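Remember, predicted model here, so these are calculated numbers, not experimental data.
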Amino acid sequence: MPTSPQHGPSWKALADHQDDARSRSLTDLFAADPARGSDLTVAAASLYIDYSKHLITRETLSLLLALARERGVEARRDAMFAGARINTTEDRPVLHAALRLPADHELVVDGRNVTTDVHEVLGRMADITDRVRSGEWTGATGRPIRTVINIGIGGSDLGPAMATRALRHHCDGPQVRFVSNVDPADLTSVLADLDPASTLVVVVSKTFTTLETMTNAAAARAWITGALGADAVPRHFVAVSANTERAAEFGIPADNVFGFWDWVGGRYSVGSAVGLSLMFAIGSERFGEFLAGMRSIDEHFLAAPAHANAPILLGLLGVWYSSFYGADSRAVLPYSHDLARLPAYLQQLSMESNGKSVHTDGRPVAVGTGEIIWGEPGTNGQHAFHQLLHQGTRLTPVDFIGFAQPTDDLPSLGGQGTMHDVLLANMLAQSKVMAFGRSAADVARDGTPADLIGHKTMPGDQPSTTIVAPRLTPSTLGQIIALYEHQVFVQGVIWDINSFDQWGVELGKSSALEFGDALAGAASGTTGDSSSDGLVAALRRARTAA
Ligand SMILES: O=P(O)(O)OC[C@H]1O[C@](O)(CO)[C@@H](O)[C@@H]1O
């Protein structure tokens, strides 16, 4: 049984080393080690990752790598890829990596070759995708499908929604829209300009019990049947679920149900049938490239030695800041407008996975775990929250993500270079300024009045990783997703937490049902606390107010 990480010799060595390392600025570290800008980098598939602007020395790195060895990261990784039941609280294997295995790769779990099952579903997905995109699949009145609506939430929404937006340039199928929130404003606004006769609804829910999704799906069914009659459902609804019985009960015929398995966590499911809407948008071939991109990072994670293994290095850096520096959050700043939803996607991936406070055996965790992930596309964030990153008091590691080649480009204002160059120049400038800042002496040299020197001094030492890819394609998007998946995994192993359950969200779900009754006036008495009682009463009063 793994011990708590802080009891091992590597943790102690890192804590001692950190006392020493804290006094060294990034400016000092680069001056003392001019090669670090090229040495502290790692290549993974087509990603080039610079981690030189972190508050680490080469000694820190070797101590972190010793921690990874001590915590058995590589053995745990191998166990995950082999199908061991590492999701212990739910007694399940964790096999999202099997979703991108080639068809001839055998992986037997519980007596079944899971790759056969995966490719059977991928084949069915490709078949319906081709029929919808070609117009062969028609709605109940014989009209081809022009719009697909993905109804799902959490992992059944964020992955395909983020990826469909990111791959806008590769979308040449029906228009795909996403509905997730139980706020009726979401569904209503999405349906507003649509014709039911040319709309296909994909209901995505691993459990097929999630209240938000079932509510939206029922409302969408009423919208379809209201216009086209009850018999229209099989022509206008398909389902993606690990619970095929429930999907059938909803009225979706088995032929229209695309399964996946309990060994795929919701937040790790974009490569499964959960990606069906994405496949409708980009086609099955590009979806295959997306999976191959993920696979290329899986292979890197499996084969690269730890010191050159991107997910291991990035996972260790996440632990370094969360557990040793007490950093609460990490900003993810894609310098790509098409990746606008990546921070939201990574919020679920990381926070639902590692937002845990007990070890795998249920004992409380005594070190900082989990990271708050947030961010906006560059350059928008620069004019909103970067001030805090530049001159605030908090240590906030940053991930910059940029692409050498643009998806769109226009001439720059000055006519020199292009807007994409301006975008990239801003990314590079932000990572430099955050790292090295500007000293008081430098500010004073400019003739700045003494009373403004403190205000204009930039402390620097805001650490960052920069991830660069040639271009935003299905493959590179898949690579970025898999990189983060495995980073989250590495952190969970080091902290010895189960990154694959999410018991914490259950209580809120059952509590919401009770409040539903209270708001409707169906429940009598108290909700159990005076604040909630007051809020229910205020909402009920305000409903009847003019
Ligand atoms: O796909 P389902 O079963 O509807 O679940 C949706 C989401 O709800 C959660 O279970 C909890 O928020 C997520 O893990 C999951 O992605």
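- In this pair, Tyr321 and His54 present their aromatic rings tilted. The plane angle is within the 30 to 60° band.
- Shown here are the ring pair (Phe, Tyr, Trp, His ring centres under 6.0 Å) partners of Trp320, two or more places apart in sequence or in another chain: Phe324, Tyr325.
- Under the 30°/60° scheme for interplanar angles, the aromatic rings of Tyr268 and His96 are found to lie parallel.
- When only modelled atom types and interatomic distance are considered, Thr210 and Thr207 share a side-chain donor-acceptor pair under 3.5 Å.
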Could you check Arg77 against Leu302 for side chain to side chain contact (heavy atoms under 4.5 Å, CB included), going step by step and ending with a plain yes or no?
CA-CA 8 Å; Arg77 169 201 65 194; Leu302 278 165; 4.1 Å; yes
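- For the pair Thr396 and Trp374, the minimum side-chain heavy-atom distance is below 4.5 Å.
- A salt bridge does not link Arg341 with Glu376: every distance from a Lys NZ or Arg NE/NH1/NH2 to an Asp or Glu carboxylate oxygen is 4.0 Å or more.
- Side-chain contact of Trp495 with Ser323: a donor-acceptor pair under 3.5 Å is present, judged by distance alone.
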Begin from the C-alpha positions of Asp172 and Arg133 and carry the test salt bridge (Lys or Arg N to Asp or Glu O under 4.0 Å) through to its verdict.
CA-CA 9 Å; Asp172 53 7; Arg133 284 164 62 93; 2.6 Å; yes
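- Side-chain contact check for Thr466 versus Met427: some heavy-atom pair is nearer than 4.5 Å.
- Note: Phe400 and Tyr335 have tilted aromatic rings, judged against thresholds of 30 and 60 degrees for the angle between ring planes.
- Salt bridge present: Arg177 and Asp193 bring a charged side-chain N and a carboxylate O closer than 4.0 Å.
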What do the steps show when you test Asp338 against Thr407 for side chain to side chain donor-acceptor pair (under 3.5 Å), and what is the final call?
CA-CA 9 Å; Asp338 292 333; Thr407 42; 3.2 Å; yes
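- Side-chain N/O atoms of Asn354 and Glu371 include no donor and acceptor closer than 3.5 Å.
- No more than 12 heavy atoms of other residues, nucleotides or ligands sit less than 6.0 Å from atom CG of Leu413.
- Side chains of Asp50 and Thr41: no donor on one and acceptor on the other come within 3.5 Å.
- Both tests pass for Arg124 against the ring of Phe258: distance under 6.0 Å to the centre and angle within 45° of the axis.
- The backbone N or O of Val148 sits nowhere less than 3.5 Å from a side-chain atom of Gln175 that would complete a donor-acceptor pair.
- Lys356 has its side chain out of reach of Thr369: every pair of non-hydrogen atoms, C-beta onward, lies at least 4.5 Å apart.
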Does Lys53 form a side chain to side chain donor-acceptor pair (under 3.5 Å) with Ser431? I'd like the steps, not just the answer.
CA-CA 8 Å; Lys53 294 195 192 89; Ser431 91; 2.9 Å; yes
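- At a threshold of 4.5 Å between non-hydrogen side-chain atoms, the residues Leu278 and Arg286 do not count as touching.
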Please determine whether side chain to side chain donor-acceptor pair (under 3.5 Å) holds for the pair Gln382 and Asn426, giving the CA-CA distance in whole Å, both sets of side-chain angles, and the decisive distance to 0.1 Å.
CA-CA 9 Å; Gln382 291 174 213; Asn426 270 278; 2.9 Å; yes
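- Annotation: the span from Phe178 atom CZ to Ile149 atom CD1 amounts to 11.0 Å, rounded to 0.5 Å.
- Proximity of Pro311 to Leu483: side-chain heavy atoms (C-beta onward) are separated by under 4.5 Å at one or more points.
- Looking at Asn150 and Phe280, their side chains never come closer than 4.5 Å, going by heavy atoms from C-beta outward.
- Distance check: Lys432 NZ to Leu26 CG gives 12.0 Å after rounding to the nearest 0.5 Å.
- Taking the side chain as every heavy atom from C-beta outward, His170 and Glu289 never approach each other to under 4.5 Å.
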Could you walk me through whether Arg330 and Val398 pass the side chain to side chain contact (heavy atoms under 4.5 Å, CB included) test, one step at a time?
CA-CA 6 Å; Arg330 172 154 51 109; Val398 173; over 6 Å; no
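- Counting only N and O atoms by type, the side chains of Arg267 and Ser353 include a donor and acceptor under 3.5 Å apart.
- With rounding to the nearest 0.5 Å, the separation of CG in Leu349 from CD in Gln487 is 9.0 Å.
- Inter-residue side-chain proximity for Met458 and Phe436 is flagged as unmet; no heavy-atom pair is nearer than 4.5 Å.
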So Thr147 and Leu200, side chain to side chain contact (heavy atoms under 4.5 Å, CB included) or not? Walk me through it.
CA-CA 6 Å; Thr147 313; Leu200 179 68; over 6 Å; no
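- Using a distance-only test at 3.5 Å, with no hydrogens or angles considered, no donor-acceptor pair links the side chain of Ser350 to the main chain of Leu346.
- The pair Asp195-Arg146 does not count as a salt bridge, with every side-chain nitrogen at least 4.0 angstrom from each carboxylate oxygen.
- Of the possible polar contacts, none joining the Asp446 side chain to the Val443 backbone as a donor-acceptor pair under 3.5 Å is found.
- From Thr473, atom OG1 reaches atom CD of Gln405 across 9.5 Å, with rounding to the nearest 0.5 Å.
- In summary, the side chains of His169 and Asp408 do present a donor paired with an acceptor at a separation below 3.5 Å, with no hydrogens or angles considered.
- At most 12 non-hydrogen atoms from other residues, nucleotides or ligands lie less than 6.0 angstrom from CZ of Arg394.
- Between the Gln391 side chain and the His455 main chain, a donor and an acceptor come within less than 3.5 Å of each other.
- Counting only distance, with no hydrogens or angles, the side chain of Thr164 and the backbone of Ala161 share no donor-acceptor pair below 3.5 Å.
- Between the side chains of Gln462 and His390, no donor-acceptor pair of N or O atoms lies under 3.5 Å.
- Using modelled atom types, no side-chain atom of Thr215 and backbone atom of Val182 make a donor-acceptor pair closer than 3.5 Å.
- Gln479 and Ser475 form a side-chain donor-acceptor contact under 3.5 Å, judged by distance and modelled atom types alone.
- A distance of 11.5 Å separates CD in Glu212 from CG in Asp183, rounded to the nearest 0.5 Å.
- Scored by the side chain to side chain donor-acceptor pair (under 3.5 Å) test, Ser25 finds Asp28 as partners (sequence neighbours excluded).
- Side chains of Asn216 and Asp186: a donor-acceptor N/O pair is absent below 3.5 angstrom, by distance only.
- The existence of a salt bridge linking Asp262 and Lys206 is excluded, since no basic side-chain nitrogen approaches an acidic carboxylate oxygen closer than 4.0 Å.
- A centroid separation of 6.0 Å or more is found between the aromatic rings of Phe403 and His420.
- In this structure, Phe81 has its ring center closer than 6.0 angstrom to the ring center of His486.
- The CG atom of Asp157 sits 4.0 Å away from atom OG of Ser180, with the distance rounded to the nearest 0.5 Å.
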Show your working on side chain to side chain contact (heavy atoms under 4.5 Å, CB included) between Val201 and Val203 and close with a plain yes or no.
CA-CA 6 Å; Val201 180; Val203 184; 4.1 Å; yes
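- Side-chain N or O atoms of His300 include none that pairs as donor or acceptor with a backbone N or O of Asn309 at under 3.5 Å.
- A salt bridge is defined here as a Lys NZ or Arg NE, NH1 or NH2 lying under 4.0 Å from an Asp or Glu carboxylate O, and Asp39 with Arg58 meets this definition.
- No option in Leu99, Leu291, Asp127 other than Leu291 meets the side chain to side chain contact (heavy atoms under 4.5 Å, CB included) test with Leu122.
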